[in-house]
There are 2 protein chains.
Amino acid sequence: MARRGSYAKGVAKREEILRTALEVVDRNGMRGTSVRELADAVDLTQAGLLHHFGSKEELFLAILTVRDDEDAQCMAGLDIIDQFLLVIEHNAKTPGMVQLFTSLSAAATSDPSHPAHAWFAERYVRFRTLLTETMRERQASGEMPADVDVEKLAAVMMAVSDGMQLQWMLDPSTDMAAHVRLVWDLALRSAPRTVAS
Amino acid sequence: MARRGSYAKGVAKREEILRTALEVVDRNGMRGTSVRELADAVDLTQAGLLHHFGSKEELFLAILTVRDDEDAQCMAGLDIIDQFLLVIEHNAKTPGMVQLFTSLSAAATSDPSHPAHAWFAERYVRFRTLLTETMRERQASGEMPADVDVEKLAAVMMAVSDGMQLQWMLDPSTDMAAHVRLVWDLALRSAPRTVAS
DNA sequence: GTCTATAAGTCGATAGAC
DNA sequence: GTCTATCGACTTATAGAC
């Protein structure tokens, strides 16, 4: 079918754009990367590129989505906490990606009309829920102190991960994963609170 | 002296701009607030406003600096940890400011040539040092477990504070201070690690 | 020294031809 | 699906009035 052919071409071009954009962003970050630059890298005009993605922001969002999916794929089966730490260690090798994530998350979370607002909202709920449930299981099996507020701890783990990216960008010798692990270790070895009568 | 007079006028105008800009930003945030808008609010043209600050980014940086100074001023004498938590509680009442801080910190930390890059770098070092020293004192006095890595914990406290702002912007019912307090409590009541022989 | 007015350039976004 | 052309918003820079 002709329709099938042209559709497939669009998808292929879209993926070529994403793959190239991912590399460019990883070198240069979001800031200072214009749509025209990305368009040149895939031999398109700026308008030609924007035909595949509605806007610059949607293009960048697509990049993050691909990245999230790839992370999830190659970590399938691992312990959630281990996954979490591995992703953070991996982030330290892709500075442009970290830059893109922090910039976009700041812009998108602060503006409900931002194209990526819903994506981030859903992402936080999903990961927080996943972490919370895992921690509850560990509490049930006695691997974790029962009186830790795991719902808050899950939010904190993500917040540390996000926040450490800023400090890491200022000083790339910072070990982001080690800082997240510190919180996790504190939670694991926190002494059960004695109930005051 | 005439020179003294005109200099004072410049400073006065600068402060009027900052005061007004602070209000406008607190309502509208950084995103969607143009220099022209701010200029209109203080009865200046865009170029007139930019004469006082080199650029939009430097203007916004000046706003954050004023905010930091005001926070520090009205908290003088309080315990550092209490100060930290009080500032976070205060942030929850100034959404535009939180928006400005997250947007600017993302943009500035990721780009060494950003006008606010050095400011953020210095700010993180300063606060981290302050927190670290305070914690060391508490360890010395026995108020805090001796084997907690306070240098990392200080960085973590700031990271949680920064990171929770994103989740709070997505859901303003989030209690940012409570999450920071969770980390602090975990550190305080963490059981001393037994040394493996 | 401070401000007005304006010019030039960049960026993202969009309309319409092919 | 890709292009040309153009629009409007923003920023920087500067010439010159006061």
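Chain letters run A, B, ... following the sequence lines, proteins first and then strands; every chain starts at 1.
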The residue among A:Lys13, A:Arg14, A:Arg19 that forms salt bridge (charged side-chain N to carboxylate O under 4.0 Å, His left out) with A:Glu16 is A:Lys13
Take the protein atom NE2 of A:His52 and the nucleotide atom P of D:dG1, then report the distance between them rounded to whole Å. 7 Å
For A:Lys13 and D:dC3, what is the distance between atoms NZ and C1' respectively, to the nearest whole Å? 13 Å
Tell me whether A:Arg181 is salt-bridged to B:Asp149, with the criterion being a basic N under 4.0 Å from an acidic carboxylate O. no
Test item: side-chain donor near acceptor, A:Thr94 and A:Arg67, under 3.5 Å: yes
Pairing of A:Glu23 and A:Arg27 as salt bridge, 4.0 angstrom limit: no
Can you tell me the distance, in whole Å, between the CD atom of B:Glu16 and the C1' atom of C:dT2? 15 Å
Touch class at under 4.0 angstrom, heavy-atom based, for A:Thr45 against every strand present: base
In whole angstrom, what separates B:Leu44's CG from C:dG1's P? 19 Å
Protein-to-nucleotide contact annotation, 5' to 3' order, nucleotides 11-18 of chain D [B base; S sugar-phosphate only; - none; under 4.0 Å, heavy atom]: BB------
Given C:dA13, is OP1 or OP2 found less than 4.0 Å from the side-chain N or O atoms of A:His51? no
NZ/NE/NH1/NH2 to OD/OE distance under 4.0 Å, B:Glu151 and B:Arg136: yes
Using atom NE2 of A:His114 as one end and atom C1' of C:dG12 as the other, report the distance to the nearest whole Å. 13 Å
Give the rounded distance in Å between these two atoms: CG of A:Leu49 and P of C:dT14. 15 Å
B:Ser141-B:Glu143 side chain donor-acceptor pair, cut-off 3.5 Å: yes
Rounded to the Å, how far apart are B:Arg14 CZ and C:dG1 P? 17 Å
Between P of C:dA13 and CZ of A:Phe60, the distance in whole Å: 10 Å
